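Owing to the predicted nature of the structure, the values given are computational and were not obtained by experimental measurement. The chains referred to below are lettered A, B, ... by the order of the sequence lines, with proteins before strands, and numbering in each begins at 1.
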Amino acid sequence: MDERNDISRIEEKWQKIWDEKHIFEANPDGRKKYFATYPYSYMNGLPHIGHAFTCLRVDFESRYKRMRGFNVLFPFAFHCTGLPIVAAAARIRDGEKRQLKIMRDMGIPGNEVERFSDPVYWTEYFPKRWESIMRSVGMSIDWRRKFITTSLNPQYDSFVKWQFTRLKEKDYVRKGSHPVIWCPKDSIPVGDHDRLSGEGETPTEYTLLKFRLEDGRFLVAATLRPETAYGQTNVWINPTVDYAVADRDGEKWILSPDAVGKLDQQGVRLVEAGRVKGREIVGAMAYSYTMEANIPVLPAVFADPAKGTGIVSSVPSDSPDDYIALLDLKKSASSGKLDPALSKIVSKIHPIDIIETPGYGTLPAKRVVEKLKIINQDEKEKLEEARQEIYREGFYKGRMLSGLRDVGGLPVDRAREKIKSDMLKKGQAAVMYEPSGEVVCRCLTKCIVKVVENQWFLAYGDEGWKKRAHAAVSRMNFYPGFLDRQFDNVIDWLKDWACVHHTGLGTSLPWDENWKIESLSDSTLYMAYYTISLHLSRSSGWKGVPDDSFYDYIFLGKGEPQKVAANNGIRKNELEAMRREFLYWYPLDLRVSGKDLVGNHLTFALFNHAAIFPEDQWPKAYGVNGWITISGSKMSKSAGNSLMLHTALEKYGADITRLTEAYAGEGFDDPNWDEDFAESCWRRLSQMREYASSLSALPAGRKDDVDRWFISTIGILYRNYIENMEGLLFKSAVKAALIDMQNALKWYSRRKGGKLNGEAGSMFARLQTLMMAPFTPHMCEEIWHAIGNSSSVCLEILPEPDSFEVSEDAILREGYLEDVINDVDEIVKVTGIKPKGIYIYTCAGWQADMLSLEISGVKDRERRSGLTSGVAKAAVDRFFKKLATERGQGKLQIRAKVAETLDEKAFLNSSVEFLEKELKAKVVVQRAGEEGMNDPAGRSANAFPGRPAIYVE
RNA sequence: GCGAGGGUAGCCAAGUCAGGCCUAAGGCGGCAGACUCAAGAUCUGUUCUCGAAGGAGUUCCACGGUUCAAAUCCGUGCCCUCGCACCA
């Protein structure tokens, strides 16, 4: 295909030249700087058009700022920290089919796949692929500054260690315990990437409630809803199950043997001392601390020893399971199947109202059981549905009844916390975790929850730190603007963050080498590292690994340069130059990411900057965008509509890919990759190239009003473009630079009958090329050189927005002419007449004067009657009637303006040739009421200032 | 439930903060015409309804209000998307 070859030829040519001339390599100089970044991507796959969308936003803005005279730094790096790479490598080692297919889909040949069983190979392979793809899409990146993360890069590693050392000093890294999903066989935490099933399941917290039996032992029941403890009527135990009797600090606890094992992993020491059959306890009485009374222990088959403790406190008012179990038992009792003593107890049990939930009343369990027509305990699915429904409703909307001790009137969520913490304090309860759903490790073992002790946290819950993060938000700009509210909220709800792992790639905690820093925690400050990475990289020749004093000096200005330089084996002036380079580039001017990073990375970065740097080094702006869709539907591999960047590049080339991305959308909404638009781009670009050449070759000459209109119009579009570029509104900018500019040129060309003014023409060609350069830089270089320039368009300085002469009059005139043509077209269309002659009647002179008086609010009666003397009363009435209508439509101002600035008749007469061509008929222009007027249908009476009458014959 | 955003023509989307040439930009799709043997591509026109005179009518989630004037401001309701984490 010719055009595809054309595209490749152009793009390869310019990319080579940019590279050879080092034009995107940024070094400090006397210019003002602009530092923009994209959060480095994770190296477990190749970029798709969603990555490209976000990254291109940085590129568009970087290229634009470069053309506004800024010294722009746009660096890139490769994130390798964490579990996914290690997990995927392991899957390859195991020959897992799905993983092998993923590798094939990324274009990795079968005989090479084996090499990916080593995680380190990923960190070599994918950065190379990413760089090459990012280069071929034309990213204006300073590649000298690239690096990979983890201990595989000792310099970066030392930077992260320095960061954590400083955070620890400020007491922002703290020790605590933390529940994780855990594989008992492998003895490791099992992240989503290591799971065979159960992705997304997290530890959930059960409260263990103790019930004292008369013999002094405790039944230990597990509940997710401690706030219902005031509604207990009895305790459920499974008669067929063997329960463990375990020693806990001198107490005897009765609970399922599974639970003993689980609690052991969660720091609750239990020593099993014997077994007891469930049925042996049925019928006993157990003391409830919340009810302050003894309640009976009753049999229930739904009490599952694999879940919780296998013992359940019964709250038939709010738990559908309890309610239906109670009904079952009552049925057995009345049919005589139950022991008579038990029957007597059962008959006395009634649900107790404790919570009012809108729409469910005070006995939601009864309500939902009846609604779903649940008959007995065996209907597991329906019960699950019932549980889901009222747990959610009850938790969010429910309120404790006012008479309840301690928690009367509280919303359910607060009551839960209060009851739980009160009971824990009094030793009446304990905590146990279970996975929220079944999780199976890749080793086929069912996972449990383990409470990891001595876990390290970043103290994002710390109030003082939050305050600094809020301060950072208040100093920043956001695109779109409402994001400040979003970030403030994220900062408020953020709690301490477990920041280390035992597995995966990464940097070790400097004071505890057994821990690896987790991937969202090692990437919060590295933007600063870019400013000097060039001097640290292995290619720079310095092989040493910096120590903490080095970073203290570079980033914080602390320490004696002489000493620091000596310690690190470099020259003092080199060290000082690095410090200067950091100070030159920092703070970060812009960081752009997808909206998925708002709740973590972007906020973490604010916290970390706020912790370590002074205010004036905090980030200055964040841009956030949505997730890309393809022709309207979500991008997903399984649905078969995912588009890898290199695939798009093969199909369309860089410029069209870039343009389609720019046009995909802006703001926070999900952008849309429009395949049809992409298809139409080549035509647009080649047209742009063709007329740029021909416009630049035109002879200059005196400019007329139409030329002035054209220059005014492109001046206005240019201002609009600048505004949009400043606001990261690239779709609007493309519309102005490409589509609106082209439409303006079309009208101009028609209006001038093809005889365009050379000065206006080359102004247009030059301006449009500059405006489009951030989006389609390759084609614009091509055009830029074709129209006689030898410099790179990427470094050309854009004109000042107010440097264009905008003539309001010229714009008014052309609008007026267009209106006249539209009116005639409308008449022709409605009447179906094939026009032979068109008569246009401009208004009588008195009308224009009268309109001026009206507009300016002059009430001078004499002047008014003077104007209309000799004019028929009918005509005057008609004029005022029309005036009222036009006023109602809000068009009076513009009419008056036309009438004041324009001799309508003379102007239309000067454009008769054009009108005749446009309207394909003879055109006669007359003033209403003038001598010798030809007005066969009497239409001239319709004339109004700024709106001539028309007759079509 | 809390937090953030949103609901505009066949679809996508601008306009809303600063009410008035707003029947509402632009793109896509559709329709018609030109070119062509034909198709595609391209170009031109058109795309809420009615209309043989540039007009009228009805629209911007729904209902109510403010105003000479509301897609835009205020109130109420309905609906949708995203986040609520230990993971990139």
Using a heavy-atom cut-off of 4.0 Å across all strands, would you classify [X] as base, sugar-phosphate, or nothing?
X        : answer
A:Glu675 : nothing
A:His501 : sugar-phosphate
A:Arg684 : sugar-phosphate

query: With distance as the sole criterion, do the side chain of A:Asp823 and the base of B:G54 form a donor-acceptor contact below 3.5 Å?
result: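 Flag set: donor-acceptor pair detected.
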field: Polar side-chain contact A:Asn600-B:A88 base: donor and acceptor under 3.5 Å
entry: yes
- prompt: So, A:His502 versus A:Trp515, ring centres under 6.0 angstrom or not?
  reply: yes
task: Would you confirm whether the ring centroid of A:Tyr951 sits within less than 6.0 angstrom of the ring centroid of A:Tyr841?
output: no
Over how many whole Å does the gap from [X] atom [atom1] to [N] atom [atom2] extend?
X        : N     : atom1 : atom2 : answer
A:Ile840 : B:A53 : CD1   : P     : 19 Å
A:Ile517 : B:A88 : CD1   : C1'   : 17 Å
A:Ile833 : B:A53 : CD1   : C1'   : 8 Å
A:Lys595 : B:A88 : NZ    : P     : 22 Å

- prompt: Does A:Ser686 reach the main-chain N or O of A:Trp682 with its side chain, forming a donor-acceptor pair under 3.5 Å?
  reply: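 A pair under 3.5 Å: yes.
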- prompt: Rounded to the nearest 0.5 Å, how far does CE of A:Met688 lie from CD of A:Gln768?
  reply: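 Separation between the atoms: 5.5 Å.
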Nucleotide N/O to protein N/O under 3.5 Å, stretch nucleotides 9-17 of chain B:
none

- prompt: When you measure from every atom of RNA chain B, which of residues 741-748 of chain A have a heavy atom less than 4.0 Å away?
  reply: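 Going residue by residue through residues 741-748 of chain A, the ones with a heavy atom under 4.0 Å of RNA chain B turn out to be A:Lys746.
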message: Can you confirm whether the side chains of A:Thr507 and A:Asp522 place a donor and an acceptor under 3.5 Å from each other?
response: no
